[in-house]
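Worksheet: one structure, shown below.
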Amino acid sequence: MENVRVRFAPSPTGPLHIGGVRTALFNYLFAKKHNGTFVLRIEDTDQTRYVANAESYITEALAWCGIPFDEGPEKNEQFGPYRQSERKELYKKYADALIASNQAYYAFDTAEELDALRSDAESNKTVFVYNNVSRETLNNSINLSKEEVATKLAYGEKYVIRFKTPKDQKLILDDMIRGEIVIDTNTLDDKILFKSDGMPTYHLANIVDDHLMKISHVIRGEEWLPSLPLHSLLYEAFGWVAPKFAHLPLILKPVGKGKLSKRDGDKLGFPVFPLNYTNEKTNEVSRGYREDGYFNDAFINMLALLGWNPGTEQEIFSLEELCKEFSIERVSKSGAKFSPDKTKWFNQQYLQAASTDKLLAEFKSLFSEKLNGFDDAYISKVIDAVKERAVFTKDLWELSNYYFENPTAFDAKAAKKQWKETTSPLMEQVADVIANINDFNSTNIETTVKEFITSNELGFGKVMQPLRLSIVGAMKGPHLFDIIEMIGKENTIHRIKYAIKNIAS
């Protein structure tokens, strides 16, 4: 496949939903699979919904995800500019060209006139549609004389430019995911291509930009599938070769039916955006995967498998592997149900596979004050001891705090169960045994303590459970004697004596 050029074209109207991130990812993977180019284009024609910080959010999110664009705003702008608001002067000539070829028309209908038509239709239990039937009687250049149209334009009367959908045609369209799609043009309405504010609609700007930027494949969300007939007709009207189209399935709610939304995340406690986002108007902060502690490669791995099937049992893919294995043909037609638990599972797999050095750096950045006084070798050893139970790097503190801080409180339920009247004097003896160990390593400590238990004909639970409670503060943690070696003899004895004093009382 030669000269593959794909684009991700979000609107800067707010934070980037993970559905949009997946669209960007699939475009990126397709481009890299075929040695192509991944283009970012900012489609900001809807100025009423424009959000000032949304574009920077989009570029930062793509960078964090590890899928940066090859061309886009301020980067390799050979077909620039890449913001539609900076290209608005060129769209009018293409709209005018369609009028000149009788494939579009001026519509002077006011909002009040159209509202009245909708109300009349509703009262008759029908729906008003501006289409190839109704246009024959409405306030547009199809029905007005050239002189009337010229007068209206000369006096600056507001208008929109609508596409003149052909009558009685059968469109046979091809989608790389969904196959052949047949559309009767009589079911289509005459979409607005150019608005009264002098800006193009998505439909016109999208087609013109894709053509001028030499886009070879349009890979976009399923929500744009209803626009495919119009876009195909526009390519035909301009006499241009259309790119190949692929419409990705929706990402579905974890519970219930429908598309995954921010409300689902808020309700069930998971993010739907890649990064934290602050609403400039309300100061509301929406959670992001980065700030929630997810690894970017785990996040991307999870997204790749939402709607794409590699055809094998493999689930863990590096970005390089995804670029090699990805194919549009293995993208599903049906929606992909999002699973918060599976997303956490992916992060856990990546955490387990991460180098200790990487985890060390992240752990120290999160808990630098609590880790003061401990060298990297010690902290690294702690990480290796507890990481198998962690899902996020931030979990490491809760799993390991007893390596760094003496417990000052004890699990009440465990204390009631494990600490009997005879436990305190028994723990005094254990403290003495430990105090007399010279070669203070895990194996030697374990052997000595167990010899004490055996020689005194004690049950192991009577000693080991209270000992763990004394050292950790709860019935958790890795091998107890490894912990004791790590915290040292003096600290171990101090913790036992503290427990005797505080639990017994």
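- Between Tyr289 and Phe299, the distance separating the two ring centers is shorter than 6.0 angstrom.
- Taking every heavy atom of both residues into account, Lys33 and Ser327 meet most closely at NZ-CB, 4.4 Å.
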Would you list the atom pairs, donor with acceptor, under 3.5 Å between side chains in residues 250-262 and any protein atom, with sequence neighbours excluded?
unit_1 : atom_1 : unit_2 : atom_2 : d
Lys253 : NZ     : Asp264 : OD1    : 3.1
Lys253 : NZ     : Asp264 : OD2    : 3.2
Ser261 : OG     : Arg263 : N      : 3.3
Ser261 : OG     : Asp264 : N      : 3.4
Ser261 : OG     : Asp264 : OD2    : 3.0
Lys262 : NZ     : Asp266 : OD2    : 2.7
Lys262 : NZ     : Glu284 : OE2    : 3.1

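- Ring geometry, Phe238 versus Trp240: the interplanar angle falls under 30°, so the pair is classed parallel (tilted spans 30 to 60°).
- Contact of the Lys191 side chain with the Tyr202 side chain is not registered, since no non-hydrogen atoms from C-beta on lie closer than 4.5 Å.
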(request) Take Asp44 and Arg83 through the salt bridge (charged side-chain N to carboxylate O under 4.0 Å, His left out) test and state the conclusion after the steps. (result) CA-CA 7 Å; Asp44 55 351; Arg83 296 182 188 92; 5.8 Å; no
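- Of the possible donor and acceptor atoms, one in the side chain of Glu77 sits under 3.5 Å from a partner among the backbone N and O of Glu74.
- The closest side-chain heavy-atom distance from Tyr350 to Ile316 is below 4.5 Å.
- Applying the side-chain hydrogen bond (donor to acceptor under 3.5 Å, both in side chains) test to residues at least two apart or on different chains, the pairs with a partner in residues 5-18 are Arg5-Glu71, Arg7-Asp210.
- Contact check for Leu305 versus Gln314: no side-chain heavy atoms found under the 4.5 Å cut-off.
- Closest non-hydrogen pair, Ile207 versus His231, comes out as CD1-CB, 3.5 Å.
- Checked against the 6.0 Å centroid criterion, the rings of Phe363 and Phe367 qualify as a close aromatic pair.
- Counting heavy atoms from C-beta on, the side chains of Asp190 and Val129 never come closer than 4.5 Å.
- A donor-acceptor contact shorter than 3.5 Å links the side chain of Ser101 to the backbone of Leu98.
- At a threshold of 4.0 Å, the pair Lys93-Asp96 does not count as salt-bridged, since none of the basic side-chain nitrogens sits closer than that to a carboxylate oxygen.
- Taking the ring centroids of Phe30 and His34, they lie under the 6.0 Å cut-off.
- With a 6.0 Å radius and a threshold of 12 heavy atoms from other residues, nucleotides or ligands, Lys394 has its NZ atom above the threshold.
- The closest donor-acceptor contact from the side chain of Asn132 to the backbone of Lys164 lies at 3.5 Å or more, if one exists at all.
- With a 6.0 Å radius and a threshold of 12 heavy atoms from other residues, nucleotides or ligands, Glu405 has its CD atom above the threshold.
- Here the CG-CD1 distance, from Leu322 to Ile300, works out to 8.5 Å after rounding to the nearest 0.5 Å.
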(message) Under the criterion side chain to side chain contact (heavy atoms under 4.5 Å, CB included), I'd like the reasoning laid out for Ile161 against Leu204: C-alpha separation, chi angles, the key distance, then a yes or no.
(response) CA-CA 10 Å; Ile161 296 176; Leu204 177 64; over 6 Å; no
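- Close placement of the Trp397 and Phe404 rings is indicated, their centers lying within 6.0 Å of each other.
- Atoms CG and CG, from Leu396 and Leu351 in turn, are 6.0 Å apart once rounded to the nearest 0.5 Å.
- Between Phe326 and Phe26, a ring centre-to-centre spacing shorter than 6.0 Å is recorded.
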(request) Check step by step if side chain to side chain contact (heavy atoms under 4.5 Å, CB included) holds for Leu212 and Phe79. (result) CA-CA 7 Å; Leu212 296 180; Phe79 294 104; 6.0 Å; no
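- The heavy-atom pair separating Leu16 from Tyr57 by the smallest distance is N-CE2, 3.1 Å.
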(request) Take Arg135 and Asp109 through the salt bridge (charged side-chain N to carboxylate O under 4.0 Å, His left out) test and state the conclusion after the steps. (result) CA-CA 10 Å; Arg135 71 190 179 204; Asp109 316 89; over 6 Å; no
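- Sorted by first and then second residue, the salt bridge (Lys or Arg N to Asp or Glu O under 4.0 Å) pairs with a member in residues 304-316 read Glu315-Lys342; sequence neighbours excluded.
- Interatomic distance, OG of Ser332 versus CG of Asn309, reported as 8.5 Å (0.5 Å rounding).
- Heavy-atom minimum distance, Lys364 versus Leu371: CA-CD1, 3.9 Å.
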(message) Using the rule given for side chain to side chain contact (heavy atoms under 4.5 Å, CB included), can you reason through Tyr82 versus Met213, listing the C-alpha separation, both sets of side-chain angles and the distance that settles it, and then say yes or no?
(response) CA-CA 9 Å; Tyr82 288 81; Met213 293 180 181; 3.8 Å; yes
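- Annotation: the span from Leu360 atom CG to Ile379 atom CD1 amounts to 6.0 Å, rounded to 0.5 Å.
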(message) Using side-chain hydrogen bond (donor to acceptor under 3.5 Å, both in side chains), reason through Thr356 and Asp384 one step at a time and then give a plain yes or no.
(response) CA-CA 7 Å; Thr356 302; Asp384 288 339; 2.8 Å; yes
(message) Quick one, Phe8 with Leu25, criterion side chain to side chain contact (heavy atoms under 4.5 Å, CB included). Give me CA distance, side-chain angles, the key distance, then yes/no.
(response) CA-CA 9 Å; Phe8 176 52; Leu25 173 63; over 6 Å; no
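- Atom CD of Glu86 sits in a crowded spot, with more than 12 heavy atoms from other residues, nucleotides or ligands closer than 6.0 Å.
- The one candidate from Ile172, Leu225, Leu171 that meets the side-chain contact (heavy atoms from CB on, under 4.5 Å) condition with Ile181 is Leu225.
- In this structure, the side chains of Phe338 and Leu268 stay at 4.5 Å or more apart for every pair of heavy atoms.
- Side chain of Asn276 to main chain of Gly288: a donor-acceptor pair is present (N/O by atom type, distance under 3.5 Å, no hydrogens or angles).
- Side-chain atoms of Thr126 come within 3.5 Å of backbone N or O of Ala121 as a donor-acceptor pair.
- How far OG of Ser380 is from NZ of Lys387: 10.5 Å, rounded to the nearest 0.5 Å.
- More than 12 heavy atoms of other shown residues, nucleotides or ligands fall within 6.0 angstrom of atom CD in Gln352.
- Atom NZ of Lys358 has more than 12 neighbouring heavy atoms from other residues, nucleotides or ligands inside a 6.0 Å radius.
- Between Arg162 and Asn140, the closest side-chain pair of non-hydrogen atoms is not below 4.5 Å.
- The distance between the ring centers of Tyr106 and Tyr159 falls below 6.0 angstrom.
- The two residues Val6 and Ala31 have their closest heavy-atom pair at CG2-CB, 3.8 Å.
- The backbone N or O of His247 lies less than 3.5 Å from a partner atom in the side chain of Asp175, making a donor-acceptor pair.
- The distance from atom CG of Asp189 to atom OG of Ser134, rounded to the nearest 0.5 Å, is 9.0 Å.
- Remark: the backbone N or O of Ala237 is paired with a side-chain donor or acceptor of Gln103 at under 3.5 angstrom.
- For the pair Leu40/Ile58, a side-chain contact is recorded, criterion being any heavy-atom separation below 4.5 Å from C-beta on.
- Within the 3.5 Å criterion, the main-chain N or O of Ala24 finds no donor-acceptor partner in the side chain of Asn27.
- The shortest distance between side-chain heavy atoms of Pro166 and Leu233 falls below 4.5 Å.
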